[in-house]
Amino acid sequence: MLAAPINPSDINMIQGNYGFLPKLPAIGGNEGVGQVVAVGSSVTRVKPGDWVILAHSGLGTWRTEAVFSEEALIRVPSDIPLQTAATLSVNPCTAYRMLMDFEQLQPGDSVIQNASNSGVGQAVIQIAAALGLRTINVVRDRPDIHRLTDRLKNLGAEYVITEEELRKLELKNFFKDVPRPRLALNCVGGKSSTELLRHLAPGGTMVTYGGMAKQPVIASVSLFIFKDVKLRGFWLSQWKNDHGTDHFKELILTLCHLVHQGKLTAPTCSEVPLQDYNHALETAMHPFTSSKQIFIM
């Protein structure tokens, strides 16, 4: 293994409240990049020196070495940045599928999302920009909000607003300049998701892929009746089960193409030696952490 990040879903899995739990004893981590050291005599898909990522969850990436079947591995180009390769197979894949699979969006259409500085949020901003989509990015207020706003705008965000500003937003003026979003991406739940729904275009879809607030999604009856909004969910593991490894490889290649074009980069990362895992896990669980912890082996 070369590098592996700590994702929120990794923490959820350790806590025992995730949709898939590996048999114990288990190794943490569901994502990362490794370099092939040796292969068996019948192996044809990978060779020593190749960079590879894992095709499935629950195999354990927070370690220095591993033995996998070739079916469990997907080759990635070794000329992309290490942090990008290590963080390619979860958040950017989730972002891409949510942008493509729920609404038929056209260049100029807008998307609204919360937790916009998360790993998925940063990928949504960049992939949406590459597709010609406009993003309305909601974040929690914080002391360094201007620095965060600048960072997200440098990634391609058109609008960055706080949860408080969204509640007070003067809609008539705002939506003179930008079309109402037909797609909302919710990683928070609770009041934040209710606000996203309030700003959806009639017939629009809100996709929930996380629940950071640990509160239910609440939608008023009037939104269903008078605006015909749709509530959907997305879990990448289920998408991979439904579509198979070959489609997942195609998705990875599509994202690598965006990386090569300079249109997709890794989220902001802090590199941590694997032996400092205690500190890294504590940092990853701290509120307002804007930098993804990534183990370097």
Tyr18/Trp235 aromatic ring centres below 6.0 Å: yes

Within-4.5 Å side-chain heavy-atom neighbours: [X] and [Y]:
| X | Y | value |
| --- | --- | --- |
| Val207 | Asn186 | no |
| Thr245 | His56 | yes |
| Asp141 | Glu163 | no |
| Tyr209 | Cys187 | yes |

Nearest 0.5 angstrom please: Arg167 CZ to Arg198 CZ, how far?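 Interatomic distance, Arg167 CZ to Arg198 CZ, rounded to 0.5 Å: 9.5 Å.
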
Between His199 and Phe175, how do the two ring planes meet: parallel, tilted or perpendicular, split at 30° and 60°?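 Tilted, since the angle between the ring planes falls between 30° and 60°.
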
Parallel, tilted or perpendicular, as decided by the 30° and 60° cut-offs, for the rings of His247 and His243: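 Perpendicular, since the angle between the ring planes exceeds 60°.
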
Charged N to carboxylate O below 4.0 Å: is that the case for [X] and [Y]?
| X | Y | result |
| --- | --- | --- |
| Asp150 | Lys153 | no |
| Asp109 | Arg134 | no |
| Glu103 | Lys230 | yes |
| Glu165 | Lys168 | no |

Could you walk me through whether Glu271 and Gln293 pass the side chain to side chain donor-acceptor pair (under 3.5 Å) check? CA-CA 6 Å; Glu271 297 186 351; Gln293 304 297 295; over 6 Å; no

Surrounding CZ of Arg75 (heavy atoms of other residues, nucleotides or ligands, distance under 6.0 Å), is the total greater than 12? no

